[in-house]
Amino acid sequence: MRNQLLGLKTFSTPSRISQLIIPMFLGLFILLLLPTIAYADVFIPDSEYAGYYDYEGVYTVVGNVKNQNDFALIPIITISVIDNDQKKITHTLHHVPIPAMTDIPFKLKFPEIHGDNPVLLNAELEYSKTKKNPVPIQIIYDKTLITHEDGHVTGRITNIGNQTVYNPKIFAIVHGYEKYILDVAQNIKPIEKIEPGQILNFTIYPDPSVSEPVRFYSCFAPVDTTVIPVTAKKNGGNFDFRYDSGAWYSAAKFDEKGTTMSIRGYNSYPLETYANFEFPPISGNEKFFVTLNDEPVDFIQSIDEMGFWHVAFRVGPTSQGTLKISGFDKGLPPEMPKIPQWIKTNANWWITNQITDSEFLEGIDFLFEKQIVSVPERDVISESQWKIPSWVKNSAGWWSEEKISDDEFLNIIENLVKRNIIVI
């Protein structure tokens, strides 16, 4: 959401081929041979795009976005469904960042659809370029990757990079027999972290709303963020926010005053999960209140290093309903700075010798951790080996005095790290 829009393209992909039948013994590898009509290097294969009613009666669309470019991007997926009364319902999903030469599935709920034979239209895609290194996690394709009789799959992942990956998740497309695509699923049991070279087990269960027998899984996609951007209309403009959750949320909207947001939530699993909503501040004095189906929900309100509000709470097993979060200020938030104010304060202290080089570099390292700035395959070294030449204080001083912009300062830092003049 906070990435700069570097380019925008629009195209569409055909709706799914009905009832594809593929010999079971070909398994996952046959997907590589399926014909796909692609209009660009970012597309949704028609064989990996489907709509269906889950057992709770909610129309669900699943698909898989493939990025075959040599750059990372954030897809914006617009999906329309024609209901029986010929009314067209359209939802837009701001997908998570997809690294180069990678694909990541998605799922989108349409609670407004109630007809017997809804028609899923072609998906429209736009994207903006972003900076996102590939997740250094690989699925181990060997005899340990097993689809069990009850429909769940177990396997192993390994970290092939040189950095610890925190809170990774594994997505996969679930395939059936009569229905080619049944679901997009993810590991429910959280993985706290995976160290370089480490091998860990994972388990994926299909959503309990899936009643069809599971045939196999494909398109396993390791991700290091499942934060989903959402845009809702508020006081005549767009209000951008994000959430991370084991549940699915859709159809966000504000009331006329712009002080209460409602959004539909679904947790079909018989397991407790979590939700963490991130909102940009308007006044910075917001006091939120949360209800589910008009019943109060215990939650924690906090603010992060970037100055964004977080509203976090537990989500009960097999629960669904309308979540309402009130306490927003009227109007729209001001533009948030790319770099937190505390890093600019650190720069001022550093150039006046009030803090050490290492203390200043902690802020620079934070910029890389949050992917505000990035360098491909940056080596991880201990803090004792960090270094920065004293003449960089000139640039830091110009920035702290607002003689150069945030973007100019970020470009300077990125260039110096690339050239190993700054080492962190």
Side-chain angles (χ1 to χ4, degrees), residues 1-16 31 34 36-51 60-81 89-110 120-135 137 168-174 181 183-186 218-232 238-245 248-252 263 278 371-372 374:
M1 162 185 332
R2 296 189 292 271
N3 291 307
Q4 183 180 14
L5 188 66
L6 301 178
L8 194 64
K9 298 186 178 181
T10 304
F11 40 88
S12 62
T13 185
S15 59
R16 67 185 178 103
L31 292 174
L34 287 173
T36 298
I37 301 175
Y39 295 95
D41 292 329
V42 184
F43 58 94
I44 302 171
D46 51 333
S47 59
E48 298 171 7
Y49 179 59
T60 304
V61 176
V62 297
N64 186 40
V65 180
K66 291 182 177 291
N67 176 19
Q68 295 188 344
N69 291 290
D70 59 0
F71 54 82
L73 52 85
I74 300 175
I76 303 172
I77 310 165
T78 301
I79 296 175
S80 297
V81 181
I89 307 297
T90 300
H91 285 178
T92 299
L93 171 66
H94 293 248
H95 206 8
V96 299
I98 304 182
M101 306 306 295
T102 303
D103 55 290
I104 298 180
F106 67 88
K107 179 190 290 188
L108 195 59
K109 298 283 189 178
F110 283 76
L120 176 61
L121 301 182
N122 300 346
E124 296 181 359
L125 289 178
E126 297 177 348
Y127 68 81
S128 59
K129 292 183 180 179
T130 188
K131 294 180 179 181
K132 174 66 177 175
N133 293 330
V135 179
I137 295 176
K169 289 187 178 179
I170 312 299
F171 285 90
I173 292 181
V174 187
I181 297 178
D183 192 23
V184 169
Q186 67 184 52
S218 74
C219 302
F220 289 92
V223 297
D224 59 354
T225 176
T226 53
V227 176
I228 299 176
V230 181
T231 298
N238 291 331
F239 182 81
D240 299 324
F241 66 96
R242 315 192 307 172
Y243 78 86
D244 182 23
S245 179
W248 300 93
Y249 291 92
S250 64
I263 189 168
E278 177 190 281
Q371 297 185 346
I372 298 171
S374 64

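Of the inter-residue distances, the one linking D41 atom CG with M101 atom CE reads 8.5 Å to the nearest 0.5 angstrom. Rounding to the nearest 0.5 Å gives a distance of 9.5 Å between CG of L125 and CG of L73. Between I104 atom CD1 and K66 atom NZ the span is 11.5 Å, to the nearest 0.5 Å. A distance of 12.5 Å separates CG in L93 from NZ in K107, rounded to the nearest 0.5 Å.
Ring pair F110/H91 is parallel by interplanar angle, where below 30° counts as parallel and above 60° as perpendicular.
Looking at every heavy atom in both residues, P105 comes nearest to A221 through CD-CB, 3.8 Å. Listed here is the closest heavy atom pair of V184 and G63: CG2-O, 4.0 Å. When all heavy atoms of P222 and I137 are compared, the pair lying nearest together is CG-O, 3.5 Å. Nearest heavy atoms, Y249 versus Y243: N-OH, 3.2 Å. For A50 against L120, the heavy-atom pair with the smallest separation is C-CD2, 3.7 Å. Closest non-hydrogen pair, K169 versus S245, comes out as NZ-O, 3.9 Å.
When atom types are taken as modelled, the side chain of N64 and the backbone of E48 share no donor-acceptor pair closer than 3.5 angstrom.
At least one side-chain heavy atom of I44 sits less than 4.5 Å from a side-chain heavy atom of F106. In this structure, T90 and E124 have side chains that are not in contact, with every pair of non-hydrogen atoms separated by 4.5 Å or more. Residues P75 and I98 meet the side-chain proximity criterion, which asks for heavy atoms closer than 4.5 Å. Proximity of T92 to T78: side-chain heavy atoms (C-beta onward) are separated by under 4.5 Å at one or more points.
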Pair Y49, F43 - check side-chain contact (heavy atoms from CB on, under 4.5 Å), show working. CA-CA 11 Å; Y49 179 59; F43 58 94; over 6 Å; no

Under the side-chain contact (heavy atoms from CB on, under 4.5 Å) rule, what do V42 and N67 come out as? Steps first, then yes or no, please. CA-CA 5 Å; V42 184; N67 176 19; 3.9 Å; yes

